Amino acid sequence: MQSGVWALQPLVDMSATEFRAWQALLEERTGVVINEQRRAFLQTNLSARMRELGVADYASYYRQVTNGPRGAVEWSTLLDRLTVQETRFFRHRPSFEVLEGYLRGRLQHGLAKPWELWSVGCSSGEEPYSLAIGAAEVLRDTAQPEHFGVTGTDISLNALSKARDGQYGARKLEQMDADLCQRYFARQADGRFKVIPRLAARVCCARLNVLELAKAPMSGMDVIFCQNLLIYFRRWRRREILNRLAESLAPGGLLVVGVGEVAGWQHPELIPVADERVLAFTRKSL
Ligand SMILES: C[S@@+](CC[C@H](N)C(=O)[O-])C[C@H]1O[C@@H](n2cnc3c(N)ncnc32)[C@H](O)[C@@H]1O
């Protein structure tokens with residue numbers, strides 16, 4: 001069949017069994033749940049990729065994706081189509097205001113070891129760079145302006161490569177204060193803006209599946225941001241992940257979660273931050 005003709009074929013509906021198989025595969029590997037309301041989303045994105053590859057049916061493509069190392073490469077591409085990677089700088093301002101207040105408070109107690117901040121599900125880097133800018137601003141007029149490091153982790157290699165690249169279109173920076181843009185980004189010849197090397201040097205990005213936190217070397221974190229990721233997960237899994245994140249916090253550390261992403265979760269070591277605009281906790285000090 002000619003590819004042009006194939007592209008015009010109407011989408012074949014997925015059978016209930018095929019839907020369940022794809023749904024289960026995505027949840028098992030990423031935690032992301034595609035419910036019945038998002039069935040069309042799954043079907044559209046799968047079939048778009050299948051067209052690119054010239055695969056005619058969902059079952060063959062499923063076998064391809066689950067078949068050994070070659071399947072793993074294809075899975076990595078497909079993942080970007082099936083997960084939401086939308087993000088912004090300083091997304092949810094109140095969370096960053098709480099961060100700033102928290103870091104200023106820490107500063108008053110003096111600087112011992114460098115602050116370690118972690119963006120869980122960092123997508124293309126806007127969140128970890130926002131954390132880095134937040135810390136850099138608090139430390140700006142101190143004797144140790146670089147006394148922090150930010151780690152961004154994500155399951156998507158494509159998102160991580162964008163994060164490492166640290167270049168953004170002008171529209172991405174529109175919402176940011178002009179003086180922050182000026183201090184932390186350099187305009188490129190093509191009109192895009194690149195994070196300045198001094199800030200980029202404080203940020204590192206690595207692949208980490210939040211379902212595998214038990215294997216992660218992260219501990220003693222001063223700040224953890226986990227926003228707009230758990231929303232796609234089942235409730236029991238959200239709680240399980242938050243329990244692990246709580247354990248990765250240093251005594252006195254701050255955990256910020258997306259508002260409304262987990263209801264009624266508590267941890268014996270954590271104290272909720274008294275600010276109704278945010279969902280944040282600090283770990284009890286030793
Ligand atoms: C909507 S973005 C949120 C980005 C940022 N935290 C924010 O609030 O703007 C969700 C990110 O979570 C990532 N993600 C999805 N499942 C994941 C998993 N199991 N482990 C790690 N990252 C995951 C996606 O690749 C995506 O980049």
Side-chain angles (χ1 to χ4, degrees), residues 22-35 38 41-42 45 72 75-99 117-134 150-166 168 171-176 203-218 221 223-245 248 254-262 277-280:
W22 279 104
Q23 208 181 19
L25 184 68
L26 189 69
E27 185 173 355
E28 180 196 308
R29 292 185 173 189
T30 70
V32 172
V33 177
I34 302 266
N35 55 24
R38 292 182 73 221
F41 162 88
L42 179 67
N45 286 291
W75 172 252
S76 171
T77 306
L78 181 62
L79 188 68
D80 290 320
R81 310 279 178 101
L82 300 184
T83 53
V84 178
Q85 295 178 350
E86 186 203 324
T87 183
R88 300 190 288 284
F89 286 103
F90 295 99
R91 187 173 192 180
H92 196 246
R93 285 274 170 179
S95 295
F96 284 90
E97 286 165 20
V98 164
L99 170 75
L117 299 88
W118 179 14
S119 160
V120 184
C122 68
S123 192
S124 37
E126 288 84 336
E127 184 170 87
Y129 290 121
S130 301
L131 293 175
I133 292 172
V150 180
T151 305
T153 58
D154 202 282
I155 196 172
S156 161
L157 293 174
N158 184 39
L160 288 168
S161 113
K162 290 183 192 164
R164 290 187 189 112
D165 189 36
Y168 302 93
R171 286 198 59 190
K172 277 266 170 185
L173 288 131
E174 266 169 14
Q175 308 284 318
M176 202 186 295
V203 178
C204 87
C205 297
R207 187 178 180 282
L208 176 65
N209 185 341
V210 278
L211 302 190
E212 295 167 2
L213 282 178
K215 294 188 213 156
M218 325 290 283
M221 305 305 298
V223 174
I224 302 177
F225 261 56
C226 182
Q227 299 201 113
N228 304 295
L229 164 59
L230 299 181
I231 188 112
Y232 303 104
F233 292 13
R234 288 193 197 278
R235 282 202 201 134
W236 65 266
R237 218 194 275 280
R238 298 181 196 186
R239 289 159 185 272
E240 201 176 277
I241 290 168
L242 287 172
N243 286 338
R244 291 217 176 271
L245 294 180
S248 308
L254 174 73
L255 170 66
V256 178
V257 182
V259 173
E261 287 190 65
V262 66
R277 301 170 307 156
V278 301
L279 184 56

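Counting starts at 1 for both ligands and their atoms, following the listed order. Being a predicted model, the structure only gives us computed values, none of them experimental.
By the side-chain contact (heavy atoms from CB on, under 4.5 Å) test, Thr77 is found to be paired with Arg49, Glu74, residues two or more places apart in sequence or in another chain being considered. With sequence neighbours excluded, the residues forming a ring-ring contact (aromatic ring centres under 6.0 Å, His included) with Phe89 are Tyr168, Phe185, listed by chain and number.
If you check which protein heavy atom lies closest to atom 15 (C) of ligand 1, you get Leu229 CD1, 3.6 Å. Taking atom 20 (N) of ligand 1 as the reference point, the nearest protein heavy-atom neighbour is Val210 N, 2.9 Å. Ranking protein heavy atoms by distance to atom 10 (C) of ligand 1, first place goes to Val84 O, 3.3 Å.
In this structure, the separation between OG1 on Thr153 and CE on Met218 is 6.0 Å, given to the nearest 0.5 Å.
Nearest-heavy-atom check against atom 17 (C) of ligand 1 across Thr153, Asn158, Ile155, Leu211 picks out Ile155. Of the listed options Asp154, Ile241, Leu213, Asp154 places a heavy atom closest to atom 13 (C) of ligand 1. For atom 8 (O) of ligand 1, the choice among Asn209, Val120, Asn228 with the nearest heavy atom turns out to be Asn228.
Taking every heavy atom of Glu127 and a limit of under 4.0 angstrom, the matching atoms of ligand 1 come to 5 (C), 6 (N), 7 (C), 8 (O). Using a 4.0 Å cut-off to heavy atoms of Ser123, the atoms of ligand 1 that qualify are 4 (C), 27 (O).
At a heavy-atom cutoff of 4.0 Å, ligand 1 is contacted by no atom of Glu126, backbone or side chain. For Ala159, no heavy-atom contact with ligand 1 is shorter than 4.0 Å.
Considering backbone and side-chain atoms together, Ser156 places no N or O closer than 3.5 Å to any N or O of ligand 1. Residue-to-ligand polar distances place Arg91 within reach of ligand 1: an N/O pair is separated by less than 3.5 Å. Taking distance alone, with nitrogen or oxygen atoms compared against 3.5 Å, Thr87 approaches ligand 1 more closely than that limit. Inclusion of Gly121 in the set of residues having an N or O under 3.5 Å from an N or O of ligand 1 is warranted. An N or O contact shorter than 3.5 Å is missing between Val32 and ligand 1 by distance.
Across all their heavy atoms, Ser156 and Leu79 have their closest contact at CA-CD2, 4.3 Å. In this structure, Arg238 and Leu230 approach most closely via the heavy-atom pair NE-O, 3.1 Å. For the residue pair Arg207 and Leu157, the shortest heavy atom distance occurs at CD-CD2, 3.5 Å. Closest non-hydrogen pair, Phe90 versus Ser130, comes out as N-OG, 2.9 Å.
Look at Leu208 and you'll find a heavy atom under 4.0 Å from some atom of ligand 1.
Within 6.0 Å of CZ on Arg81 lie more than 12 heavy atoms contributed by other residues, nucleotides or ligands.
Using a 4.5 Å cut-off on side-chain heavy atoms (C-beta onward), Leu99 and Leu131 make contact.
Checking each of His92, Arg91, Glu97 against Ser95 for a side chain to side chain donor-acceptor pair (under 3.5 Å) leaves exactly one that passes, namely His92.
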